[in-house]
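First the structure, in the form of C-alpha cells, and then the observations on it.
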Amino acid sequence: MAASGAEVLPGRREGGGGEAAVLRGTRGRCWRSRSKAASCLSIPSRRDNAKLVSCGGDRQLFYWDVSSGRVIRKFRGHDSEVNSVKFNEYNSVVVSAGYDRSVRAFDCRSQSAEPIQIVDSFQDSVMSVILTKTEIIAGSVDGTVRTFDIRMGREVVDNLGHPVNCISLSNDGNCILAGCLDSTLRLLDRSTGELLQEYKGHTCKSFKMDCCLTNTDAHVVSGSEDGFIFFWDLVDASVVSSFRAHSSVVTSVSYHPKDACMLTSSVDGTVRVWKQ
Amino acid sequence: MDEGDEDYVVYGTPIEREEETSARKRRAIADAGQLRALPPWKQEVRDEEGRRRFHGAFTGGFSAGYYNTAGSKEGWTPQTFTSSRKNRADVKQQSIYNFLDEDDIKDMGGRALETSMQFDTFGFTAAELARKEAEKEQEKRPSAIPGPVPDEIVRPAANSIGIKLLMKMGWRQGRSIKDTHADSLYESRREARKAFLAFSRDKDGPELAEIESSRSESEKYPERSDDIFGGTKSTPVYVLNPKQDLHGLGYDPFKHAPEFRDRKRSRESRDKDRGNNKRKYAPGFGIGALEELDIEDEDIYASGFDFEQMEVEEVEPTKMIGDSWHKLVDRKRGSMLSFKVASNSDYVLERFRPPVIPADFESRHKFPTTLESTNKFPELPPPEVPPPEDNNLRLLIEGSAAMVARCGKSIEDLYKEKSKTNQLFLFLSGGEGHNYYERKLWEQKQKRGDLGRQNNTKSMKSSDEKMNAENRGKVLGERPLDRSSKASSLSVDVKEVIHLQSNLGDTFIKPVGLSESLKPFKYDPAKQERFEQFLREKYHGGLRAAQPFITNIMSETDRARERLDFEAAAEAIEKGTWSKEKETDPLSILKDLPFINDQRFVSSTEVEKHGVSKDEQKVIHPKREEFEWRPSPILCKRFDLIDPFMGKLPPVQRPRSRMDSLIFMTETIKSSKSEEAIASTRDSILLSHSESKETEKQLITQETDAEPIAADVQRPVDLYKAIFSDDSDDDDADEGNSGHSTDPVKTNEGANMTLNRLVAGDFLESLGKELGLEVPTDKPGPPDKPPNSILVEAASKGDINSSSVHEKLTSQHEEFDRPMEEKHKDNISKSADNVVTNLSINQNEESKPHSRHQRSRSRTPDSDSSDDYRDKKRKTHSRRRRSRSPSTDSSSDRHRSKRNRSKATHRKRGTTDTDSSSDHLYRDRSKSEGKSRKRSRHHKHRRKDGHKNR
C-alpha cells in the first residue's frame with residue numbers, strides 16, 4: 001500500500017455498515033496479497049460483494065472469494081504492472097488496464113487464465129478503466145480517453161492532450177471526469193466528446209490519484225498531493241470546499257453511489273470514512 | 001297477431017297453419033297486390049327471391065339452380081381439401097344439406113340463414129318495417145286528394161333535422177319521445193284526484209259520476225297507455241281514415257252496436273275485391289279479344305284465394321281503429337298536461353352595464369421618458385460649471401450624462417440606486433460634481449433634441465414616433481445612429497439622407513466592430529469572420545441567405561457546433577455590452593466577461609476563451625476520432641451483447657505456430673523482393689483491371705512469387721490443390737455446376753496430410769512417390785499453369801482431349817465463381833485500407849513507435865488450436881490485416897474455399913486465351929521467364945488446340 005496507495009472499495013449498496021466491513025476485509029486482503037504482489041493498486045468488487053479482484057505490480061490479477069479469503073484464480077497476461085481493474089455489469093468479465101499499454105479482458109467463468117480480448121491501441125500506460133454495460137472506457141497517459149463500444153464495434157478516441165490519470169463516470173452515465181496530470185480535472189461529454197468544464201486548484205502531478213463525482217452529481221471530488229480534498233461545483237467549477245484530510249498524498253477518493261458518504265485513502269497509510 | 005290479442009293471455013302453443021308460417025307464402029301474399037293488378041294469364045310464378053321458376057313446357061320447363069346447372073354462379077361450392085394425415089378427426093361429415101338448394105333447405109327444415117329480429121337492439125329494423133308497411137297500406141288506401149299525393153312527389157332526402165336532433169339527444173328509432181316522467185306525473189295527479197273525490201263524494205254527486213266515467217275510461221287502457229308511452233314502442237304512424245260515408249262528422253252509427261262494425265267492414269272489403277277482379281277465372285286459360293268473360297271462365301277451384309286476401313285486409317281496419325282510439329285517448333288526457341304555459345321563465349335577458357371609467361383616466365398614452373426628454377429643453381439650462389479636478393470622475397460624469405441623455409430618465413434612476421452603494425456615483429444625488437453632471441446632461445439633451453428635430457424634418461417622421469423608435473431600438477439592443485457624423489453636419493442635403501440610410505442599415509446590426517476584448521475567436525481569424533457574419537445575420541432580420549457560411553469546407557456537424565458556439569458567444573457579448581451600458585465602466589466588462597463565461601460552461605469555446613483571458617496559454621481541445629474496433633465474440637457474449645461483426649468477414653489471424661511463421665517469413669521476404677522487381681509491370685496490369693484491389697495485388701504478387709525459388713514452398717500447395725480441390729471441382733462440374741464448394745472434410749484431411757509432409761521437408765519426393773508421379777524437383781512447375789493441368793498432364797501425357805475437356809470444365813466453373821470472388825475481395829481490401837489508415841495516424845502521433853502496436857491493433861489470442869493449414873493458406877495474401885479474433889475461424893471454411901478458387905482463377909487468367917490486355921501482358925512476361933514459361937506456353941498451345949478441336 002505504501003508504494004502507490006490503495007484504492008478503496010467504492011461504497012456498496014448495503015450502506016454504511018456493510019461498507020466498513022468490506023473495507024476491513026479489503027485491507028486484510030491487501031496485506032495478504034502484498035506478500036505476492038509488490039503493490040496493490042486497485043480492488044474493485046462485484047456488485048454482490050461475493051468476489052473481488054485485485055491487481056498490482058506483479059502483472060497478475062487475483063480473483064478472490066470474499067468469504068473464504070482465498071484466491072480463486074489468477075489472471076495472467078499483462079506484461080507489466082496492472083494499474084486498474086474492473087468488473088463488468090454481469091460480473092462475468094474482468095477488464096484490466098496495465099502499464100504495458102494494453103487493456104485486457106479476462107473471463108471469470110472459464111478456467112483459462114488467458115485474456116479473451118486484448119486492446120493495445122494505446123500508446124502509453126493505461127491508468128484507469130471503467131466499464132458500462134456496453135462499453136469499456138480507458139484513460140491513458142498518452143492523453144486519450146478511449147471508449148470501446150462493444151455493441152457498435154467502434155473505438156472512440158478523445159484526445160485530451162494531457163496524461164490522463166484517472167477517469168470516472170458520472171452517475172447519469174453521460175459524462176466522464178478525467179483527472180489529468182496537469183492538475184486539472186476535465187469533464188467530457190461522452191456523446192460528443194466536448195470538453196464541458198475544467199476543474200483546477202488541486203495538485204496532481206506525479207501520483208496516480210482518483211477523482212469522482214458525488215452521489216448527486218452536483219460536485220466533483222478529488223484529492224490533492226498535499227493531503228487536501230477538493231470539492232468543486234460541477235457547473236461553475238468553483239471550489240466549494242477544500243480541507244486537509246490526510247497528512248500526505250490522497251491517492252484515492254471514492255463516493256458512495258447512493259448516500260453522502262466518502263472514502264479516502266492516502267499514502268500515509270490511513271483510510272478515512274467521511275459521512276454527513 | 002292483432003292488437004286485440006294483447007289484452008288476452010294465451011295458454012298453450014297456438015296451432016300454426018302451414019300457410020302462415022311459410023315465408024314464401026307470406027311474401028306471395030304481400031306481392032299479391034301487384035299480381036292482382038294483372039290478369040291471371042299474365043301472372044307468373046316466382047320463387048321467394050322473385051326468380052321465375054316455371055317457364056312453360058316449350059321454353060325450358062322447370063329451372064333450378066344457376067341456369068339449371070349449379071347452386072350458384074360459382075358452381076357447387078367446392079370442399080376445401082385438407083390433408084387427412086394431420087387432422088383425421090376433422091374430416092367433415094357430408095350431409096344432404098351440402099347438396100341442397102337454399103330453397104330446398106328451407107323446405108326441409110329451415111336451417112338457412114335468416115336475419116333475426118332477436119338482435120334488433122335499437123328497433124331500427126322493426127321501425128323500418130313498420131313504416132314500410134304503413135306506407136304500403138297508405139298507398140293502397142284511397143286518398144282524399146285525387147292524383148299523386150304531394151309528399152309522394154317531394155320526399156326528404158335524408159332524416160329531417162328534427163330526427164337528427166332527437167338522435168343526438170339520445171332518442172332511438174322506435175321509441176316514444178315523451179318521457180315516462182309525464183306519465184308518472186299524470187298517475188300521481190289521478191291518485192290525488194281520487195282522494196279528493198273520496199272526500200267530496202257526498203257533496204256533488206253528478207260531477208262525481210262524470211269524473212268516474214272519465215276515470216273508468218282512462219282505466220280501461222292502463223296497460224296500453226303504458227305500452228305506448230312507456231318508451232319501448234314508437235309512436236305509431238297513424239293512417240288516417242278518410243271519410244267515405246254520408247254520415248255527419250263524428251257520427252258513429254255503430255256507437256252502441258260495435259259488433260256490427262266488423263261485419264260492415266268485411267262486407268266493404270269484399271266489395272272492394274269484387275271491384276278489383278270482378279270474377280275469378282281460371283289461370284292459364286286465356287280469353288280471346290272478342291270473347292267476353294263468361295261464367296264458364298270462372299275459376300271454380302280458386303276458392304281459398306279469396307279467403308286469404310280477406311284475411312290480410314281485415315287485419316288493418318281493426319288496427320286502425322285501435323290507433324285512432326289511442327289518439328283520442330291521448331288527446332283527452334295527455335296533451336293538455338304535457339304542454340302548458342310556464343308561470344315563470346328562466347330566460348332573463350341579461351344586460352351589462354358599461355365599464356366604469358376611472359376618473360383619472362386619460363385617453364392619450366404618455367411615454368414617460370422620451371417625451372420628457374423632448375420637452376425638457378425649454379427648461380432653464382443649468383449654469384456652466386467647471387469640470388472636477390479628478391479626471392476619472394470627469395470622464396465618468398460625462399459618460400453617464402451621455403448615457404442618461406440617450407436612454408432617458410430611467411437609467412438615471414438606476415444609477416442613483418447604484419450610487420447608494422457605490423461612492424463613485426455620488427454625483428448623481430448631489431455629491432461632488434453634481435452640478436457638472438447637471439450641466440453635461442443638459443448639453444447632451446440639447447444635442448439630442450437638435451438631432452431629434454433635425455431628423456424630424458429629414459425623415460418626415462413625427463417627433464414622437466422617432467423617439468419611440470429609438471426607445472424601442474434601445475430596448476431591442478440596436479445600435480443608435482452614429483452621432484458624430486450627423487452632429488457635425490447639420491446642413492440638409494441629399495447626401496446626408498443617403499448616409500443616414502446606410503447608417504440606419506447599420507443600426508439594426510449588433511455592434512460587430514467591438515473592442516478587441518469582445519472578439520471571442522481571436523485565435524482563428526476565419527472563424528472570427530464567420531462569427532461576425534453570423535452576428536450580422538442574426539440581427540439583420542428578414543430574409544437570410546440560404547448558405548450563410550462557406551459550406552464546402554465544413555461538415556454539417558461542424559457547422560452546427562460552430563453555430564452553437566456563436567450563439568453562446570453572441571449572448572455573452574450581449575450581456576457584456578449591457579453590463580457596460582449600465583456601469584459605464586470599461587473595466588467592469590473585463591471583470592464581468594469571464595464570469596459570464598464561467599457560468600456558461602456548456603460551450604467549449606467559452607472555456608477556451610476563459611483560458612485565453614486568464615492564463616494566456618494554449619488550451620487543447622479534446623479531439624475525437626473514431627476507429628473500427630473488433631471485440632471478440634466471447635467478450636460480446638460475456639457482456640450479453642450481439643457481436644457487431646457477427647457474420648462479417650473475419651479478420652486475418654496473425655501467424656501462430658513456429659513453423660507457420662517460418663514459412664510466413666520466407667514468403668514475406670521473397671514477396672518484398674519480387675514486389676519491387678515486378679512493380680513496374682504489375683502497375684500496368686493493375687491499371688488494366690477495373691478495380692485495383694489490394695488483395696488482387698497480393699494475389700498477383702503471390703503468382704509472381706511462385707518463381708524458381710518460391711516454387712519449393714509453393715509447390716505442395718499447388719499439388720495439394722491438384723489432388724483435392726480440383727478433383728472436387730471436377731466433381732462439381734460433372735454435377736452441373738450446382739455445388740461449387742469443395743468438400744470441407746476432404747480439404748481438411750488433405751491439408752493435414754500435406755502439412756505433415758511439409759514438416760518432413762522432402763515433401764516433393766514423398767508426394768511424388770505417393771502419387772507415383774514423376775515430379776521434377778529442379779524444374780519447378782510453372783506458376784501460371786493451372787495445377788490441375790499439371791496433374792492431368794502427368795497422369796495422361798499427350799491426351800489432348802481429356803485435358804482440354806478438363807480445362808473446359810474448370811474454366812466454366814471459374815466463370816461461375818467470379819462475381820462472388822470480386823465482392824469478397826472488395827470487402828477484404830476495404831477493411832485492410834481501414835486498418836492501414838488507422839495505423840498511419842497512430843504512427844504520426846506516436847513519439848516512439850511500438851512494434852507490437854503495429855503488428856496488431858487488437859488481437860485476441862484465444863486458442864492456438866486452429867488448424868495450421870489454414871494459416872499456411874492465408875499467409876500468401878492479406879498479411880496486411882492485423883487484427884483477428886480467432887474463434888470466428890470455424891465459420892471461415894467457406895471463405896477459404898473461395899479463396900482457393902480465387903487463386904486458381906488468377907493463376908488461370910494467364911493461361912486462358914481470351915483477348916484481354918492483361919492476358920497479353922502475362923504472355924509477354926512469360927516469354928522472359930525460362931523453362932517454366934515454355935511449359936506454360938506449351939499448355940497454351942494445347943489449349944488452343946483443344947479449343948480448335950471443339
Side-chain angles (χ1 to χ4, degrees), chain A residues 77 79 88-90 92-93 95 100-102 105 107-110 112 114-124 131 133-136 142-146 148-162 178 186-189 192-198 234-238, chain B residues 557 561 595 598-604 606-608 610-611 615 618-646 648 838 841-843 845-850 852-853 855-863 883 885 887:
Chain A
D79 298 337
N88 78 334
E89 183 86 7
Y90 307 103
S92 55
V93 175
V95 178
D100 58 349
R101 303 181 295 267
S102 73
D107 191 354
C108 295
R109 291 185 184 165
S110 81
S112 166
E114 294 295 320
I116 53 170
Q117 174 95 52
I118 299 170
V119 184
D120 47 8
S121 55
F122 296 94
Q123 284 142 42
D124 211 330
L131 300 183
K133 265 189 177 174
T134 61
E135 290 143 316
I136 300 170
D142 63 3
T144 58
V145 173
R146 289 169 197 255
F148 301 93
D149 196 329
I150 301 165
R151 194 174 51 178
M152 303 273 291
R154 303 293 290 170
E155 173 186 350
V156 177
V157 181
D158 290 315
N159 197 342
L160 293 175
H162 294 282
R186 290 182 168 87
L187 190 69
L188 297 178
D189 184 21
T192 60
E194 214 177 344
L195 180 62
L196 298 180
Q197 190 57 283
E198 288 182 330
L234 182 87
V235 180
D236 1 312
S238 53
Chain B
T557 48
R561 200 167 297 160
F595 175 68
D598 277 350
Q599 279 185 327
R600 302 191 43 79
F601 73 98
V602 187
S603 155
S604 63
E606 292 304 318
V607 175
E608 202 201 15
H610 156 93
D615 302 342
K618 211 182 104 198
V619 173
I620 298 154
H621 281 283
K623 274 179 280 178
R624 173 161 277 208
E625 290 168 294
E626 267 194 57
F627 303 110
E628 192 181 83
W629 175 67
R630 206 172 268 262
S632 72
I634 183 83
L635 188 75
C636 298
K637 200 177 164 189
R638 288 284 174 261
F639 271 79
D640 203 12
L641 297 168
I642 299 161
D643 187 0
F645 292 92
M646 192 167 54
K648 284 176 189 157
N838 286 353
I841 288 160
N842 285 334
Q843 272 176 337
E845 287 170 4
E846 239 169 358
S847 54
K848 38 171 187 175
H850 306 294
R852 197 193 317 113
H853 175 61
R855 194 167 64 231
S856 65
R857 243 180 114 63
S858 77
R859 69 199 135 92
T860 54
D862 187 23
S863 60
S883 82
S885 54
S887 16

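In what follows, chains are A, B, ... by sequence order, proteins preceding strands, each numbered from 1. Side chains included, hydrogens not; waters and symmetry mates left out as well; all remaining heavy atoms used.
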Open item on the list: For a quick test of reading the model, state the closest non-hydrogen atom pair linking A/Val157 to B/Phe627 and the distance between them.
Closed with: CG2-CE1, 3.5 Å

Open item on the list: Within this structure, what is the CD-CG distance for the pair A/Glu135 and B/Leu641, rounded to the nearest 0.5 Å?
Closed with: 9.5 Å

Task: CA sep, side-chain torsions, deciding dist, call: A/Glu155, B/Glu628, side chain to side chain contact (heavy atoms under 4.5 Å, CB included) - done: CA-CA 6 Å; A/Glu155 173 186 350; B/Glu628 192 181 83; over 6 Å; no

TODO: Please report the closest heavy-atom contact between A/Asp158 and B/Arg624, naming both atoms and the distance.
DONE: OD1-NE, 2.7 Å

Open item on the list: If I measure from the heavy atoms of chain B, does A/Val93 come under 4.5 Å with its side chain, its backbone, both, or neither?
Closed with: side chain

Task: Contact origin within A/Asp142 toward chain B - heavy atom pairs under 4.5 Å - done: neither

TODO: Report yes or no: does B/Ser632 contribute a side-chain atom to a donor-acceptor pair with the main-chain N or O of A/Gln117 at less than 3.5 Å?
DONE: no

- [ ] Looking only at non-hydrogen atoms, find the nearest pair between A/Tyr90 and B/Phe639 and report the distance.
- [x] CE1-O, 3.3 Å

Open item on the list: Within this structure, what is the CZ-CG distance for the pair B/Arg638 and A/Asn88, rounded to the nearest 0.5 Å?
Closed with: 9.5 Å

Open item on the list: Minimum heavy-atom separation for A/Ile150 and B/Pro631, please, with both atom names.
Closed with: O-CG, 3.6 Å

- [ ] To the nearest 0.5 angstrom, please state how far the CG atom of A/Asn159 sits from the CD atom of B/Glu625.
- [x] 7.0 Å

